[in-house]
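All figures in this text were calculated on a predicted structure; none of them were measured in a lab.
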Amino acid sequence: GAGGSVPAAAEAYSRSLAWRKRVGADAVRMAVRTGRASHPSKFPCAKAIQDAWPHSLVSVDCWCRDGQPFAVSRMGLVDLKRLASTVSMEHFELYMLYTMEARLWRIEQLSGQAGKLVQYLDVHDFSESKGTLSNYGKYVSYFRTVVANVLPHFPEQVHRVQLVNMPGVVKGVWAFARMSLPERTRGKVDMVDLSKESNFLTLEVEEKTLPYFLGGRLDVLLTASEAHELRMLFAEDIFVDYASAQREEAVHVFDVPADGAMTSRLSFGSLTGEEEAAEEAAWAAAEG
């Protein structure tokens, strides 16, 4: 990001340190890494944000064939007007700060286990009629603010980004916006039309661990109609443990008025019970 310039890198590092102090990022990091907020469902305003923007940027129990973690967001179902009416910009930034810290922690853990750098494959799905600029309008500033204020203060977390089923108008905007991005960043982004390349994602992710709306069989982040369709197509051959899922605290029902309920299983590894208890005690002592 500094173009190989040591002074520029030092300045950027200094800015990030000042930013972390200003927003309390170190406290967020401790909360994520000690178990106080080790799961996305514990992040500030998690349910309200998920209701307006179905996604799992930390984990959906999906893995690429090469062992890299897989994250997904359903940009086509985003309702930014609803998001703006239920969550303040400040709280959305805080939620994304927790998300970025959780992703970084996961990358560090997986990289240590693999003995090499592990990064995310991020897939942003624009399917469904809500994924149009007319529904974004002035509220797209929520995402712009995160891109400008949060992301620059974290190391790169993705090795590929795939934009799936983009509407024509969004493609036009992206073609213009991408010109302002560094060449290295542009090289990481693919635009995928699953109606023409239906097996594109299954080349990277096994069908059983790929969400149904992306061409797989995993029952995760689905609308009610998609979940019903999946069950009708594959009957018992659906790759999700429903009994276990219903016992998990993480089960979340998405309230999407246009299409009924959405279900999601989200997961994020944390410390063991003993480790978490020890860290909780340390946290309490620090607060005291």
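- Atom OH of Tyr142 and atom CG of Leu80 lie 9.0 Å apart (nearest 0.5 Å).
- Arg217 and Glu206 are not joined by a salt bridge, as no carboxylate oxygen comes within less than 4.0 angstrom of a charged side-chain nitrogen.
- Taking each heavy atom of Pro152 and Ser16 in turn, the nearest pair found is O-OG, 4.3 Å.
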*Evaluate the criterion side-chain contact (heavy atoms from CB on, under 4.5 Å) for residue pair Leu221 and Phe213; output intermediate values, then yes/no.*
CA-CA 9 Å; Leu221 291 174; Phe213 59 89; 4.0 Å; yes

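- Contact annotation: the side chain of Leu121 approaches that of Cys64 to within less than 4.5 Å [non-hydrogen atoms, C-beta and beyond].
- Residues Phe154 and Leu97 are in side-chain contact: their nearest non-hydrogen atoms beyond the backbone lie under 4.5 Å apart.
- Around OH of Tyr13, the count of heavy atoms belonging to other residues, nucleotides or ligands within 6.0 Å does not exceed 12.
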*Could you go through the side-chain contact (heavy atoms from CB on, under 4.5 Å) check for Lys196 and Asp193 one step at a time?*
CA-CA 6 Å; Lys196 299 178 181 178; Asp193 185 345; 3.7 Å; yes

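- Ring centroid separation for the pair Tyr95 and Trp53 does not come in under the 6.0 Å cut-off.
- Inter-residue side-chain proximity for Val87 and Ile49 is flagged as met; some heavy-atom pair is nearer than 4.5 Å.
- Side-chain contact between Met75 and Phe143 is present, with at least one heavy-atom pair separated by less than 4.5 Å.
- In the model, Ser14 has no side-chain atom that pairs as donor or acceptor with a side-chain atom of Glu11 under 3.5 Å.
- To the nearest 0.5 angstrom, Arg74 atom CZ is 7.0 Å from Leu222 atom CG.
- In terms of hydrophobic clustering, with Ile, Leu, Val, Met, Phe, Trp and Tyr side chains grouped at heavy-atom distances under 4.5 Å, Tyr120 and Val147 are assigned to a common cluster.
- A continuous path of Ile, Leu, Val, Met, Phe, Trp and Tyr side chains, each step under 4.5 Å between heavy atoms, connects Leu57 with Leu151, placing both in one hydrophobic cluster.
- Taking 4.5 Å as the limit, some side-chain heavy atom of Val118 sits within range of a side-chain heavy atom of Pro69.
- Looking at Glu93, Arg144, Met89 one by one, the single match for side chain to side chain contact (heavy atoms under 4.5 Å, CB included) with Asn149 turns out to be Glu93.
- Residues satisfying the side chain to side chain contact (heavy atoms under 4.5 Å, CB included) test with Glu90, not counting sequence neighbours, are Ser88.
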Below 3.5 Å, can you tabulate the donor-acceptor pairs from side chains in residues 157-168 to any protein atom, sequence neighbours excluded?
residue: Gln157; atom: OE1; partner: Arg103; partner atom: NE; Å: 2.8
residue: Gln157; atom: NE2; partner: Met100; partner atom: O; Å: 3.2
residue: Arg160; atom: NE; partner: Asp190; partner atom: OD2; Å: 3.4
residue: Arg160; atom: NH1; partner: Gly187; partner atom: O; Å: 2.8
residue: Arg160; atom: NH2; partner: Asp190; partner atom: OD1; Å: 2.6
residue: Arg160; atom: NH2; partner: Asp190; partner atom: OD2; Å: 2.4
residue: Gln162; atom: NE2; partner: Glu204; partner atom: OE2; Å: 2.7
residue: Asn165; atom: OD1; partner: Leu194; partner atom: N; Å: 2.9
residue: Asn165; atom: ND2; partner: Ser127; partner atom: OG; Å: 2.9

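- Residues Glu101 and Arg106 are not paired through a salt bridge, judged by the lack of any N-O separation under 4.0 Å between the basic side chain and the carboxylate.
- Rounding to the nearest 0.5 angstrom, the gap separating the CD atom in Gln68 from the CZ atom in Phe70 is 13.0 Å.
- Between Trp19 and His153, the ring planes lie parallel to each other; the angle is under 30°, not in the 30° to 60° tilted range.
- The side-chain heavy atoms of Leu201 and Val205, taken from C-beta on, include no pair separated by under 4.5 Å.
- Annotation: the span from Leu117 atom CG to Leu110 atom CG amounts to 10.5 Å, rounded to 0.5 Å.
- A pairwise comparison of heavy atoms in Lys42 and Gly35 identifies NZ-O, 3.5 Å as the closest pair.
- The backbone N or O of Val72 sits nowhere less than 3.5 Å from a side-chain atom of Ser56 that would complete a donor-acceptor pair.
- In this structure, CG in Asp125 is found 7.5 Å from CG in Leu77, a value given to the nearest 0.5 Å.
- Closest approach of Glu207 to Gly215, counting heavy atoms only: CG-O, 4.1 Å.
- Between Val32 and Tyr98, some side-chain heavy-atom pair lies under the 4.5 Å cut-off.
- Between the CG atom in Asp51 and the OG1 atom in Thr86 there is a gap of 8.0 Å [rounded to 0.5 Å].
- Side chain of Gln50 to backbone of His55: a donor-acceptor contact under 3.5 angstrom is found.
- When all heavy atoms are compared, the tightest approach of Ala46 to Pro40 is CB-O, 3.4 Å.
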